[in-house]
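Structure, as structure tokens:
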Amino acid sequence: MDIKKTHDIGTLGSSMKGQKVVVGGWVEDLRELGKLTFLTLRDVTGVSQIVVAGAENLQQVKDLTRQSVVQITGAVQESKARDFAYEIKAEKVEILSRAIHPLPIDPLGRLESGIDNRLNARALDLRNQKTASIFKIRHNVLLCIRKVLTDRGFLEVSTPKIIGSASEGGANLFSLKYFDKQAYLAQSPQLYKEQLTLGLERVFEISSFYRAEKSHTVRHLTEFTSVDIESAFMDYTDVMEILEQLIVSVFEHVEKTCIQEQKNLGMEIRKPKAPFDRVTYRQAIEDLGKQGLTLSFGDDLLDSHLRKLGEIHPGFYFLTEWPLKLKPFYIHEKDDDPEVSKSFDLQYGYLELSSGGRRLHDPAKIKARLLEQGLDPAQFEDHLRAFDWGMPPHSGWGLGLDRLMTVLTQIDNVREVVLYPRDPERLFP
RNA sequence: GGGCCGAUAGUUCAAUCGUAGAACAAUCAGUUGUCAACCGAUAGAUGUGGGUUCAAUUCCCGCUCGGUCCA
């Protein structure tokens, strides 16, 4: 049987009256009126109405279920329907695949199923135009990120996800058996991307990373997508600017290109204004002190603190110059204030979207910091070797793509914006 | 790991210590212009183990699963 479509539904129009077409798609809805049946047929490009008449064709669609796959051969004609400018009068109806009934969720979303049911039937959930819109937006976000970074002279790279030693200290790593060796799943491309600056100067990676944290919240996943950049000859303020411009570009791009998706989601994307506020850690704890939350220099900011800061600074802002001791071993200290680091987080309200900074490039300093943090420099031998081969001063950041998606789409739960999310409980599908 | 909330029909919800109700979906009948079609009929459910009670879906405890907040 020939399954060649002559047209995608989105390419049809009322100007094609009388033209014979072959279309294929999923039965979204069907209305039987005795000697006449209307089908609403959807493919990935759009939706159309099919009119079925005649004893033989009616027999074909008599026990047709919603979401079944059909191929229609027919002619385009004018429609009297309110919602369709044209329709297809079916000459031949072929059922290519039958959907069972009942389906585990209502893919039209007329009755909105709970997230657990939808994730259990995720592939089907994508027939819901609201859900599909999220992932069309995600595609456009990725497209834009690649374009912006490429235009800035960054090269896209892929680093290993199976790693032989714990890259930033052992906590929170998934371990796995690698034949007869111990291996781990990478929680960040940090060490690799730093090394790559000495050969490629400016690199970025968009990839999944893994964190074995038993956090069950709307913003944590054990497998998440990270956008990472690392650049030689840039200070932390330079990569902050790149991040800021990237965020603005992403919002602008989606605002312009995803009109229908915004409609489907019932939301409007509004481009944020650059520059974002820059708030130093010292300023932040001072502000918190005024709100009755007393902190000393060196205290980490808890969720409650970040929420309060989020109230003071709604939207995007940078939280900069953290105490060095709160930062990983590879972060550079400030020249005039060695207690403070050349580091920043990009926040959206209370939500941390990105973390970055200037990195140490002097191997002696790195070794000292490793010891300070109770880590064994011998474990980092492979990494440290590269620092003797002409390691340039460099800076970078990692951006949580899934979290950015929740901000962009104004959706609370990060599971909504990931096709098959992994959290401490969910391993299937 | 801890707190709070929850688990009722395929789905989304309601109710009750004593016959568990609706909407959408389904099945059957009718309908040649529907478009979240209409119309009549039919069928379909209290997560799991224990306890209290004459009686538990309802109250209590454990477990499992989910949601959410915190660490």
Side-chain angles (χ1 to χ4, degrees), chain A residues 9 14 25-42 46-59 61-68 74 76-90 93 98-122 124-125 127-131 171-172 211-222 264 266 293 299-308 310 326 349-352 406 411-416 421-429:
Chain A
I9 288 170
S14 35
W26 290 261
V27 177
E28 190 166 272
D29 208 358
L30 77 186
R31 297 171 290 281
E32 287 178 60
L33 276 76
K35 297 204 173 74
L36 195 62
T37 291
F38 296 97
L39 306 181
T40 303
L41 190 71
R42 183 181 288 282
V47 66
S48 180
Q49 173 161 276
I50 312 293
V51 186
V52 181
E56 197 183 319
N57 284 338
L58 286 171
Q59 189 57 37
V61 299
K62 194 176 177 328
D63 57 353
L64 189 59
T65 50
R66 283 168 177 75
Q67 297 304 327
S68 290
V76 176
Q77 66 180 24
E78 236 169 281
S79 179
K80 295 172 196 163
R82 185 198 338 127
D83 295 348
F84 299 94
Y86 69 93
E87 64 194 14
I88 299 164
K89 175 84 186 265
V93 178
R98 277 174 200 279
I100 58 150
H101 184 87
L103 292 164
I105 56 174
D106 166 21
L108 295 190
R110 287 170 186 169
L111 279 176
E112 201 162 299
S113 293
I115 187 159
D116 193 44
N117 276 332
R118 290 196 293 111
L119 290 178
N120 285 336
R122 192 53 140 167
L124 180 60
D125 187 35
R127 300 217 51 79
N128 182 332
Q129 292 310 293
K130 226 171 147 176
T131 308
N172 305 333
R211 221 159 270 190
E213 260 175 42
K214 274 206 159 179
S215 295
H216 195 114
T217 76
V218 289
R219 57 191 185 283
H220 288 96
L221 293 174
T222 52
N264 291 344
L293 297 167
D299 289 347
D300 205 354
L301 299 182
L302 299 178
D303 217 66
S304 52
H305 302 133
L306 291 171
R307 278 180 196 273
K308 183 58 80 180
L326 290 179
Y350 81 96
L351 189 67
E352 179 197 331
T406 63
I411 287 171
D412 290 334
N413 195 333
V414 72
R415 288 164 189 75
E416 297 274 4
R422 293 289 177 259
D423 63 41
E425 282 76 36
R426 181 176 285 279
L427 196 49
F428 302 98

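Chain letters run A, B, ... following the sequence lines, proteins first and then strands; every chain starts at 1.
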Handout entry: Distance between P atoms of G49(B) and U31(B) (Å, rounded)
Key = 49 Å
Practice task
Spell out yes or no: do the side chain of Ser215(A) and the base of A71(B) have one donor N/O and one acceptor N/O closer than 3.5 Å?
Solution key: yes
Problem - Side chain of Asp83(A) - closest among A36(B), G67(B), A71(B) - result: A36(B)
Practice task
Only counting residues at least two apart or in another chain, list the ones meeting salt bridge (charged side-chain N to carboxylate O under 4.0 Å, His left out) with Asp29(A).
Solution key: Arg31(A), Arg66(A), Arg110(A)
Handout entry: Touch class at under 4.0 angstrom, heavy-atom based, for Arg307(A) against every strand present
Key = sugar-phosphate
Practice task
For Asn413(A), check side chain to side chain contact (heavy atoms under 4.5 Å, CB included) against everything at least two apart and list the hits.
Solution key: Ile115(A), Val218(A), Arg415(A), Glu416(A)
Practice task
Go through RNA chain B and write down every stem, that is, every run of at least three consecutive Watson-Crick or G-U wobble pairs with distances under 3.5 Å, as range with range.
Solution key: B:1-7 with B:64-70, B:10-13 with B:21-24, B:26-28 with B:40-42, B:47-51 with B:59-63
Handout entry: Nearest-angstrom distance, P atom, G44(B) to A22(B)
Key = 13 Å
Problem - Sugar-phosphate, base or nothing in reach of Thr40(A), heavy atoms under 4.0 Å - result: nothing
Fill in the blank from the handout: Considering only heavy side-chain atoms of Asn413(A), the closest of A71(B), U68(B), G33(B) is U68(B)
Practice task
Could you check if a side-chain atom of Gln49(A) sits within less than 4.5 angstrom of a side-chain atom of Ile88(A), using non-hydrogen atoms only?
Solution key: no
Practice task
Ignoring hydrogens and angles, tell me if any N or O in the side chain of Asp125(A) forms a donor-acceptor pair with the backbone of Ala121(A) under 3.5 Å.
Solution key: no
Practice task
Could you work out the separation of A55(B) and G1(B) based on their P atoms and round it to a whole Å?
Solution key: 38 Å
Handout entry: First of Lys214(A) and Lys89(A) reached from the 5' end of RNA chain B, by closest nucleotide
Key = Lys214(A)
Exercise for the section: Check the distance between C24(B)'s P and Arg110(A)'s CZ and give it to me in whole angstrom. Expected result: 11 Å
Fill in the blank from the handout: Of the listed G33(B), A71(B), U68(B), the closest approach to the Leu33(A) side chain comes from G33(B)
Handout entry: Nearest-angstrom distance, C1' atom, A9(B) to A25(B)
Key = 11 Å
Practice task
Ignoring the backbone of Lys80(A), work out which of G33(B), C69(B), A71(B) is nearest its side chain.
Solution key: G33(B)
Practice task
Would you mind reading off the distance between Phe38(A) atom CZ and U34(B) atom P, rounded to a whole angstrom?
Solution key: 7 Å
Handout entry: Residue mapping more 5' on RNA chain B - nearest nucleotide basis, Ser304(A) or Glu87(A)
Key = Glu87(A)
Practice task
Please state the P separation for the pair U53(B) and U42(B) - nearest whole angstrom.
Solution key: 41 Å
Problem - Of the listed nucleotides G66(B), A71(B), U68(B), the one nearest the side chain of Asp116(A) - result: G66(B)
Handout entry: Interatomic distance, Leu30(A) CG vs A26(B) C1' [rounded to whole Å]
Key = 12 Å
Problem - Separation of atom CD1 in Ile100(A) from atom P in A25(B), rounded to whole Å - result: 17 Å
Exercise for the section: To the nearest Å, give me how far apart CD (Gln49(A)) and P (U32(B)) are. Expected result: 16 Å
Practice task
Just compare G66(B), U34(B), U68(B) and give me whichever is closest to any side-chain atom of Arg31(A).
Solution key: U34(B)
Practice task
Look at atom CD of Glu56(A) and say whether more than 12 heavy atoms of other residues, nucleotides or ligands are closer to it than 6.0 Å.
Solution key: no
Exercise for the section: For the pair Thr65(A) (side chain) and Ile100(A) (backbone), establish whether a donor and an acceptor sit closer than 3.5 Å, ignoring hydrogens and angles. Expected result: no
Exercise for the section: Under 4.0 Å between any heavy atoms, over every strand shown, what does Leu108(A) touch: base, sugar-phosphate, or nothing? Just pick one. Expected result: nothing
Exercise for the section: Please state the C1' separation for the pair U8(B) and A45(B) - nearest whole angstrom. Expected result: 6 Å
Exercise for the section: Examine C69(B): is either OP1 or OP2 under 4.0 Å from a nitrogen or oxygen in the side chain of His216(A)? Give yes or no. Expected result: no
Handout entry: Per Arg82(A) side chain, nearest of listed nucleotides G33(B), A36(B), A71(B)
Key = A36(B)
Handout entry: Options C69(B), G33(B), G66(B), nucleotide nearest the side-chain atoms of Glu425(A)
Key = G66(B)
Practice task
For residues Ser304(A) and Leu293(A), determine if any side-chain heavy atom of one lies less than 4.5 Å from a side-chain heavy atom of the other.
Solution key: no
Handout entry: Distance below 4.0 Å between Arg426(A) side-chain N/O and G67(B) OP1 or OP2
Key = no
Exercise for the section: Measure from the side-chain N and O atoms of Thr222(A) to the backbone N and O of Pro424(A), and report whether any donor-acceptor pair falls under 3.5 Å. Expected result: no
Handout entry: Whole-Å gap separating P (C70(B)) and CG (Leu301(A))
Key = 15 Å
Handout entry: For atom CG of Asn172(A) and atom P of G1(B), their distance in whole Å
Key = 14 Å
Handout entry: Whole-angstrom distance between U48(B) and G10(B), as gauged at atom P
Key = 13 Å
Exercise for the section: State whether a side-chain donor-acceptor pair under 3.5 Å links Thr40(A) with Glu28(A). Expected result: no
Handout entry: Side chain proximity check, Val61(A) to Glu32(A), heavy atoms < 4.5 angstrom
Key = no
Exercise for the section: Mark yes or no for whether Thr217(A), through its side chain, and His220(A), through its backbone, hold a donor-acceptor pair below 3.5 Å. Expected result: yes
Handout entry: Pairwise P distance for U64(B) and A26(B), with rounding to whole Å
Key = 38 Å
Practice task
Starting at atom CG of Asn57(A), determine the distance to atom P of U32(B), rounded to an integer number of angstrom.
Solution key: 17 Å
Completion exercise
Once base and sugar-phosphate atoms are separated, protein heavy atoms under 4.0 Å mark nucleotides 38-47 of chain B, 5' to 3', with B, S and - as ----------
Fill in the blank from the handout: Residue pairs meeting salt bridge (charged side-chain N to carboxylate O under 4.0 Å, His left out), one or both in residues 212-221 of chain A, sequence neighbours left out, come to Arg219(A)-Asp303(A)
Exercise for the section: Using a cut-off of 6.0 Å, state whether more than 12 heavy atoms not belonging to Asp63(A) lie near its atom CG. Expected result: yes
Exercise for the section: Just do the side chain to side chain contact (heavy atoms under 4.5 Å, CB included) check on Leu30(A) and Phe38(A) with the steps written out, would you? Expected result: CA-CA 6 Å; Leu30(A) 77 186; Phe38(A) 296 97; over 6 Å; no
Practice task
Look only at the side chain of Asn57(A) and the backbone of Val52(A), and say whether a donor-acceptor pair between them is shorter than 3.5 Å.
Solution key: no
Would you tabulate the pairs of protein nitrogen or oxygen atoms and nucleotide nitrogen or oxygen atoms of nucleotides 8-11 of chain B closer than 3.5 angstrom?
from: G10(B); atom 1: O2'; to: Leu103(A); atom 2: O; distance (Å): 3.0
from: U11(B); atom 1: O3'; to: Ser113(A); atom 2: OG; distance (Å): 3.3
from: U11(B); atom 1: O2'; to: Ser113(A); atom 2: OG; distance (Å): 3.3

Fill in the blank from the handout: Per atom distances to the Val218(A) side chain, the nearest of G33(B), C69(B), G67(B) is C69(B)
